[in-house]
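Written out below as structure tokens is the structure these notes cover.
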2 protein chains.
Amino acid sequence: MNRSKDHASDQSITSASRSAGSASGSDFLQLDIADAPVGGLSDWLALRLRLAISDGRLPVGSTLPATRVLAAELRVSRGVVTEAYQRLIEDGHAAGRGRSGTVVVAAPITAPVAAPVPARVVAPAAPPASAPGPGDPFASAPGLDVFDALRAAPARINLSPGVPDLAAFPRTAWLRAERSVLHDLQPSDLGYGDPRGAPALRLAVANWLARNRGIRVDPGEVIIVAGVAQALTLLAQVLQHDGISAVAVEDPGSLGACQHLRSWGLTTPPVPVDSEGLRVDELRASGAQAVLLTPAHQFPTGAVLGGVRRRELMRWAGEGGLIIEDDYDAEHRYDRPPVAALRSMLAEQVCYAGSVSKLLAPALRVGWLLAPPKYQDALVDAKRFADLGNAVLPQLVLARLMESGEMERHLRFIRRRHRRRRDAMIAAIGTHLPGAVVHGAAAGLHLMITFEADAEADAGGAPGGEGGSAGFSDADLAAEALTRGVKVQPLSWHSQRPNRPGLVLGYAASTPTDIAEGVAILGKALRAAG
Amino acid sequence: MNRSKDHASDQSITSASRSAGSASGSDFLQLDIADAPVGGLSDWLALRLRLAISDGRLPVGSTLPATRVLAAELRVSRGVVTEAYQRLIEDGHAAGRGRSGTVVVAAPITAPVAAPVPARVVAPAAPPASAPGPGDPFASAPGLDVFDALRAAPARINLSPGVPDLAAFPRTAWLRAERSVLHDLQPSDLGYGDPRGAPALRLAVANWLARNRGIRVDPGEVIIVAGVAQALTLLAQVLQHDGISAVAVEDPGSLGACQHLRSWGLTTPPVPVDSEGLRVDELRASGAQAVLLTPAHQFPTGAVLGGVRRRELMRWAGEGGLIIEDDYDAEHRYDRPPVAALRSMLAEQVCYAGSVSKLLAPALRVGWLLAPPKYQDALVDAKRFADLGNAVLPQLVLARLMESGEMERHLRFIRRRHRRRRDAMIAAIGTHLPGAVVHGAAAGLHLMITFEADAEADAGGAPGGEGGSAGFSDADLAAEALTRGVKVQPLSWHSQRPNRPGLVLGYAASTPTDIAEGVAILGKALRAAG
């Protein structure tokens with residue numbers, strides 16, 4: 001699949017350099033065959049490639065141009081390129097990936113093309129082991145900092161859900177877009193800006209939602225926020241001001257979202273979820289005026305809100321109910337057609353929130369919020385008095401990636417990787433957790449497994465046990481797994497009412513090998529914990 | 001002064017390329033003299049420079065290498081380089097700045113080295129004229145969106161305060177640091193992170209505060225926030241939870257800060273400011289438990305908190321008062337030694353907030369908050385449930401700029417430019433506003449002028465008039481100036497109690513020419529409005 005990526009980048013490079021009037025499509029590597037000593041072509045090429053790796057033009061994780069392509073660019077024999085790549089592989093800078101091409105795996109020990117910085121800063125993030133954290137995150141009921149604690153806990157294999165394949169982050173495309181943004185930027189763009197966000201990104205998001213989510217929205221209605229988390233922050237303030245003190249949530253549902261809403265003073269009455277998604281009849285029974293749900297891929301069960309339920313929910317909203325739609329990973333589908341966003345059907349009663357956290361990376365902290373007209377102004381004020389608006393540079397870079405097609409290209413690329421990883425996880429579960437039932441594998445970045453009574457019997461657990469209760473505690477299982485170097489989240493974390501024991505397993509950010517090994521360890525942990 | 005910048009960049013380029021083992025220090029322009037046709041050196045060099053400008057390696061606003069330096073790099077005669085620069089000046093891509101060197105002023109009309117994007121996105125920010133905004137920002141008492149309205153109002157010359165020289169933003173250094181950050185980044189850095197911010201930036205900020213503000217703080221205590229505005233947001237929540245419902249503010253003082261605190265439910269009792277800064281006796285009299293102030297350079301008067309006042313304030317804090325120190329432009333000094341931060345004297349009672357808004361650009365939305373130990377955990381929770389933490393990439397880029405010395409270099413650079421602009425404004429005021437009294441010119445990015453009774457008489461205003469009242473309204477003056485194409489802020493905006501009429505004039509973001517013209521227009525507007 002990297003081959004297609006090669007072509008993509010080659011093409012953009014060639015067209016770009018052509019438009020810039022240059023002769024050679026390998027400009028991006030600053031390669032000029034005229035520099036090469038006669039007879040030493042491979043040595044020269046290997047050296048230039050090492051320089052390109054060391055100064056970031058070829059970041060770790062990127063794929064080298066196809067030998068055929070680069071040989072043609074440089075008008076040298078393909079053998080010269082193959083030999084140069086072999087040198088890089090031999091000295092550990094690159095690794096052969098068969099039909100996937102040759103991938104950069106390590107940078108030479110030379111200063112990057114940047115002002116020298118103290119070594120301590122060259123490794124920005126503290127290693128998990130040394131990061132602070134209140135020890136065992138499973139020791140007691142999850143507290144406000146439980147996710148910090150889980151993040152800080154050292155583990156060799158991380159199967160906790162919520163992130164895409166971060167190793168695939170398009171560093172080269174990002175840097176290219178940033179360069180062009182910095183080039184086009186007006187000084188006034190660097191001042192205080194519109195609290196709703198940069199016009200360019202609001203336009204790009206409106207176009208993205210039209211192409212990918214069937215939502216028609218005027219860019220003027222898009223509010224750029226610091227991820228779905230901040231969208232909930234702003235909504236919580238505005239809804240309370242509107243007299244809404246409770247937001248019903250799915251059960252099981254996201255613990256993080258619940259904690260977030262509660263931290264802003266809202267109650268979160270639980271509404272059961274089954275294989276068709278939210279039980280709308282139970283929502284009615286709860287009397288709540290608003291509900292937060294994940295219709296495209298329910299977290300954590302992975303259920304898709306069924307057609308009948310959608311109609312019931314629309315009727316509930318038509319009678320005055322307010323829907324908060326968290327469209328957190330709707331773009332990730334494998335075995336089923338896309339599901340239209342609820343927002344596309346009833347804009348007046350649906351607050352829609354999405355982000356790039358599952359498309360690119362959570363660390364970008366960029367998302368978008370579409371509000372019903374009645375809340376638009378109040379939400380803009382809330383955003384203004386939260387932080388005066390998102391940072392502008394990442395907004396403009398994202399706008400370029402979205403409008404240039406890079407984002408869809410990246411999405412297609414990681415979807416293929418995610419699917420292989422999901423398949424690897426399902427296979428491993430069949431082998432090592434025969435008693436586990438798999439849920440919600442048709443989409444998303446994670447799947448959920450539950451242990452039914454008979455399965456627990458197999459596993460030595462007590463029949464009918466409940467997630468957080470005696471007999472068989474999935475928190476104990478997660479704790480046991482962590483001691484064996486595998487990080488997972490127990491289903492009980494995400495359940496307000498007692499539930500079957502289970503685990504929420506993320507597969508998107510781990511290699512098939514790590515997934516297989518991690519699930520095998522889970523099997524051992526289950527037998528030990530049972 | 002650009003000469004010194006030349007040297008800086010030349011040096012870093014040379015050392016970088018040397019460390020990367022390259023032969024030519026002009027690698028950063030991808031210049032290889034071997035490419036040049038015999039006899040056409042100047043044409044070839046001009047072409048390569050246009051390409052470098054078009055793909056962002058030489059951004060608009062940057063200075064071309066000194067002819068002497070580049071000629072030596074390329075081993076060509078200085079005349080070749082001079083002639084090439086002349087071509088760029090003739091076709092409008094560059095402009096000669098005398099001893100300041102040759103500056104890039106416009107990019108060629110060729111696609112930048114990035115996937116092509118729709119033209120509408122290539123100009124990200126909507127032009128002020130077309131931006132939405134509730135018309136005349138001076139028509140009534142300033143509302144919550146008054147700064148959006150002022151920003152949206154079209155004006156040829158913008159003398160509103162609050163921003164540094166944005167044209168001087170170090171685009172090249174930023175891009176270089178971003179490349180190296182993307183190169184060194186671990187995939188896990190792109191996931192959800194520590195709500196307190198990236199360890200690398202918290203370390204860099206701790207070092208920065210030690211070097212520049214006399215503050216000793218452990219990096220673990222630094223909370224990275226989205227600018228001082230978000231610091232106030234988090235503090236407002238935590239203080240109210242601690243039973244504090246009023247935060248005294250300076251009067252005159254920042255309207256924006258007042259609006260921010262009030263939007264979070266706090267009252268903002270005004271405390272008078274005189275030439276020695278905050279009247280601590282009045283603060284005591286107000287009975288407030290907390291105060292927000294700008295001790296290093298009071299906004300808008302520019303007064304420095306005097307030694308006696310500092311001791312009085314410390315005594316007040318020692319008796320339980322809480323100080324919120326907004327250190328908003330302490331790094332900008334011209335005619336006086338630095339003033340130590342209050343935080344450096346009494347960490348237990350001082351919440352310290354700073355940002356890069358006045359050092360680099362407000363649009364970066366990055367700042368830092370140091371809390372007293374008793375509030376640390378609550379503020380971290382508040383940050384978590386605000387947005388889960390700042391975006392990581394800009395944090396890591398800033399960390400590099402701070403630790404590499406780029407930031408101090410940039411600060412020295414803009415300080416020289418700011419001083420010239422301040423001098424130009426003071427000279428213009430002497431010529432065109434002879435009745436105006438200038439305040440707070442020894443530091444910062446703006447100055448304040450007031451119109452005393454006799455001055456108003458000169459200006460045709462009623463004696464003893466008050467800022468927002470009959471006779472002579474500075475809001476009317478600002479409105480009149482805006483109709484004449486000059487944007488300023490009236491002192492009355494920043495005054496809770498009646499005050500002398502005056503204006504707050506930013507000089508940092510305008511050229512001396514624009515400043516002189518703008519102040520001349522203010523003189524005409526004053527006579528018209530009087």
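Residue numbers begin at 1 in each chain, while the letters A, B, ... track the order of the sequences.
In this structure, chain A has heavy atoms under 4.5 Å from both the backbone and the side chain of B:Gln259. Interface residue A:Ala167: backbone and side-chain heavy atoms are both found under 4.5 Å from chain B. Only the backbone of A:Asn390 comes within less than 4.5 Å of a heavy atom in chain B; its side chain stays farther off.
Considering every non-hydrogen atom in both A:Ala391 and B:Leu364, the closest pair reads CB-O, 3.3 Å. Closest of all the heavy-atom pairs between A:Tyr192 and B:Gly162 is CE1-O, 3.7 Å. Heavy-atom minimum distance, B:Leu175 versus A:Glu178: CD1-CG, 3.9 Å. The nearest pair of heavy atoms linking B:Arg384 to A:Asp145 is NH2-CB, 3.6 Å.
Applying the salt bridge (Lys or Arg N to Asp or Glu O under 4.0 Å) criterion to A:Lys383, with sequence neighbours excluded, gives A:Asp387. Evaluation of the salt bridge (Lys or Arg N to Asp or Glu O under 4.0 Å) rule for A:Arg365 yields no partner, not counting sequence neighbours.
Residue B:Leu185 holds its CG atom at 8.0 Å from CZ of A:Phe169, rounded to the nearest 0.5 Å. Distance CD/B:Gln186 to CG/A:Leu166: 11.5 Å, rounded to 0.5 Å.
Of the residues considered (B:Gly256, B:Ala236, B:Gly191, B:Pro164), B:Gly191 shows the highest number of contacts with chain A, using heavy-atom pairs under 4.5 Å. Ranked by non-hydrogen atom pairs under 4.5 Å with chain B, the options A:Val228, A:Leu360, A:Val366, A:Leu190 are led by A:Leu190. Counting heavy-atom pairs closer than 4.5 Å to chain A, the top-ranked of the candidates B:Ala173, B:Ala229, B:Ser263, B:Ala231 is B:Ser263. Of the listed residues (A:Gly227, A:Gly193, A:Pro362), the greatest number of heavy-atom pairs within a distance under 4.5 Å of chain B belongs to A:Pro362.
Taking the six-membered ring for Trp and thresholds of 30 and 60 degrees, A:His260 and B:Phe385 have ring planes more than 60 degrees apart, a perpendicular arrangement.
Side chains of A:Phe147 and B:Leu388 form no contact here, defined as non-hydrogen atoms less than 4.5 Å apart.
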